[in-house]
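These notes are about the structure you will find just below.
Owing to the predicted nature of the structure, the values given are computational and were not obtained by experimental measurement.
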Amino acid sequence: MSASPPTGPVPAIQLAGCRIDNLTMAETLQIVEGFVASGRPHQHVVVNVDKLVKAGRDPELRRIVNDCALVNADGMPVVWASRLLGRPLKERVAGIDLFDALMARSAERGWRVYLLGARRDVVDEVQRRYAARFPRLVFAGWRDGYWTAGQEPAVADAIARARADLLFVAIGSPTKERFLGRWQAHMRVPFAMGVGGSFDVAAGRVRRAPRWMQRIGLEWFFRFLQEPRRMFRRYFVDDLAFVGVLWREWRDARPGRRPS
């Protein structure tokens, strides 16, 4: 039996200029069911420290995030920040966990899935593994994440013709947010979600952190240990700007603080 979508506005908080919906995994899945049932296009985004920092510097990315139909917190540091600022999020809804749960639910509900992104061998392996795991899962299509600007309209046209119910996009940020922002209305996929590096994990190319590291918020550090040269700048240079963001938000939220 399908869950009924929640009624009324979705509870949300503001952090670093971005809206984050205050939902559990179960509530998120319920909302996605409503999106698919509606048949209308909806864009989803997960935010972590890296994306909040980029959105703070990029007004267009910030606008896209805030215009999304559904925004989840992917990353314990975001949840901790919300608690520190007195706007506690219920829980982390990790993109890879949501992706996996939606693949399972698609098999149950007969939803058509389209996989877009990563290298060809990676996306092929993701399709193969999920087809073996869920024999009833219907794939509307899949393709790699490499195309030129001139080829982009053809990519969007192919997805529109595939009549997918769910689209998972595994290309870099903010490229995927901008792609969906430009083409979601044309593709008319009821639920489109950027999944970052989830295809690499699902294909067995990258190991996910042990559960205990996920629980205490050290999944990012496990990722760094696997690819230190690639991830050093992101985690130890770019993301340090989030400390300044938190300080300003905490300072401005103090009782009696006058706006400058």
Side-chain angles (χ1 to χ4, degrees), residues 2-48 50-52 54-55 58-75 78-79 82 87 89-106 109 111-117 140 155-156 159-160 162-171 173-196 198:
S2 298
S4 300
T7 58
V10 174
I13 70 164
Q14 286 285 327
L15 184 58
C18 291
R19 185 190 97 246
I20 305 175
D21 296 322
N22 197 358
L23 300 166
T24 64
M25 175 66 80
E27 290 167 340
T28 298
L29 291 169
Q30 189 179 26
I31 288 173
V32 175
E33 290 224 4
F35 289 167
V36 176
S38 77
R40 296 188 301 273
H42 299 83
Q43 184 176 343
H44 170 273
V45 67
V46 291
V47 294
N48 52 22
D50 183 64
K51 193 164 296 173
L52 289 175
K54 286 177 178 174
D58 184 340
E60 176 66 8
L61 175 59
R62 187 165 62 250
R63 180 194 64 77
I64 290 171
V65 170
N66 287 325
D67 285 349
C68 282
L70 190 59
V71 184
N72 285 122
D74 177 13
V78 176
V79 176
S82 73
R87 313 164 201 163
L89 290 164
K90 294 176 183 177
E91 66 181 34
R92 172 196 185 199
V93 180
I96 188 168
D97 294 331
L98 181 58
F99 167 64
D100 190 69
L102 286 172
M103 292 292 273
R105 190 154 297 193
S106 295
R109 303 286 194 266
W111 296 339
R112 294 167 56 83
V113 170
Y114 199 108
L115 306 176
L116 175 68
V155 173
I159 295 168
R163 297 179 294 106
D165 296 302
L166 287 85
L167 168 65
F168 298 106
V169 184
I171 55 180
S173 181
T175 304
K176 63 177 173 286
E177 288 82 15
R178 289 176 175 154
F179 172 79
L180 291 173
R182 282 192 296 269
W183 295 105
Q184 176 63 340
H186 173 75
M187 296 185 297
R188 294 200 59 80
V189 180
F191 182 75
M193 173 184 176
V195 294
S198 296

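Within the 3.5 Å criterion, the main-chain N or O of Ala55 finds a donor-acceptor partner in the side chain of Arg62. For Asn22 (side chain) and Lys90 (main-chain N/O), a donor-acceptor pair under 3.5 Å exists by modelled atom type. Here the side chain of Gln43 pairs no donor or acceptor atom with the backbone of Gln184 at under 3.5 angstrom. Put simply, the side chain of Glu177 never gets that close to the backbone of Ile64: no donor and acceptor are under 3.5 Å apart. With hydrogens and angles ignored, the 3.5 Å screen pairs no side-chain donor or acceptor of Asp74 with any backbone N or O of Val46.
Counting only heavy atoms from C-beta outward, the side chains of Leu116 and Ile159 approach each other to under 4.5 Å. Inter-residue side-chain proximity for Val169 and Val195 is flagged as unmet; no heavy-atom pair is nearer than 4.5 Å. Between Ser82 and Ile20 there is no side-chain heavy-atom pair separated by less than 4.5 Å. Residues Leu166 and Pro190 fail the side-chain proximity criterion, which asks for heavy atoms closer than 4.5 Å. Contact of the Leu167 side chain with the Val113 side chain is not registered, since no non-hydrogen atoms from C-beta on lie closer than 4.5 Å. Side-chain contact between Cys18 and Leu52: present, with at least one pair of heavy atoms (C-beta onward) separated by less than 4.5 Å. Side-chain contact check for Met187 versus Phe179: some heavy-atom pair is nearer than 4.5 Å. Using a 4.5 Å cut-off on side-chain heavy atoms (C-beta onward), Val71 and His44 make no contact.
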Can you check side chain to side chain contact (heavy atoms under 4.5 Å, CB included) on Met103 and Trp111, steps first, answer last? CA-CA 9 Å; Met103 292 292 273; Trp111 296 339; over 6 Å; no
Give the intermediate values and the outcome of side chain to side chain contact (heavy atoms under 4.5 Å, CB included) for residues Asp165 and Val189. CA-CA 6 Å; Asp165 296 302; Val189 180; 6.0 Å; no
Side chain to side chain contact (heavy atoms under 4.5 Å, CB included) between Arg92 and Met25: does it pass, once the steps are laid out? CA-CA 8 Å; Arg92 172 196 185 199; Met25 175 66 80; over 6 Å; no
Could you walk me through whether Lys51 and Asp58 pass the salt bridge (charged side-chain N to carboxylate O under 4.0 Å, His left out) test, one step at a time? CA-CA 10 Å; Lys51 193 164 296 173; Asp58 184 340; over 6 Å; no
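Distance check: Ser173 OG to Leu61 CG gives 5.5 Å after rounding to the nearest 0.5 Å. Going from atom CD of Gln14 over to atom CZ of Arg87 covers 8.5 Å, rounded to the nearest 0.5 Å. Taken to the nearest 0.5 Å, the OG1 atom of Thr24 stands 8.5 Å off from the CD atom of Gln30. Distance check, rounded to the nearest 0.5 Å: CG of Leu70 to CD of Glu27 gives 11.0 Å.
In this structure, the salt bridge (charged side-chain N to carboxylate O under 4.0 Å, His left out) partners of Asp21, at least two apart in sequence or on a different chain, are Arg19. Applying the side-chain hydrogen bond (donor to acceptor under 3.5 Å, both in side chains) test to Thr28 and every residue at least two apart in sequence or in another chain returns Asn72. Remark: Ala162 pairs with Tyr114, Ala140 by the side-chain contact (heavy atoms from CB on, under 4.5 Å) rule, at least two apart or across chains. Listed by chain and number, the residues in a salt bridge (charged side-chain N to carboxylate O under 4.0 Å, His left out) with Lys54 are Asp50 (sequence neighbours excluded). Listed by chain and number, the residues in a side-chain hydrogen bond (donor to acceptor under 3.5 Å, both in side chains) with Arg40 amount to none (sequence neighbours excluded). The side-chain hydrogen bond (donor to acceptor under 3.5 Å, both in side chains) search around Trp183 returns Glu152, not counting sequence neighbours. Not counting sequence neighbours, the partners of Asp67 by the side-chain hydrogen bond (donor to acceptor under 3.5 Å, both in side chains) test are Arg63. Residues passing the salt bridge (charged side-chain N to carboxylate O under 4.0 Å, His left out) test with Arg163: none are found, sequence neighbours excluded. Every ring-ring contact (aromatic ring centres under 6.0 Å, His included) that Phe99 has, sequence neighbours left out, goes to Tyr130, Phe168, Phe199. For the salt bridge (charged side-chain N to carboxylate O under 4.0 Å, His left out) test, no residue two or more places apart in sequence or in another chain qualifies with Arg188.
When every heavy atom of Asn66 is checked against every heavy atom of Gly17, the shortest pair comes out as ND2-O, 3.0 Å.
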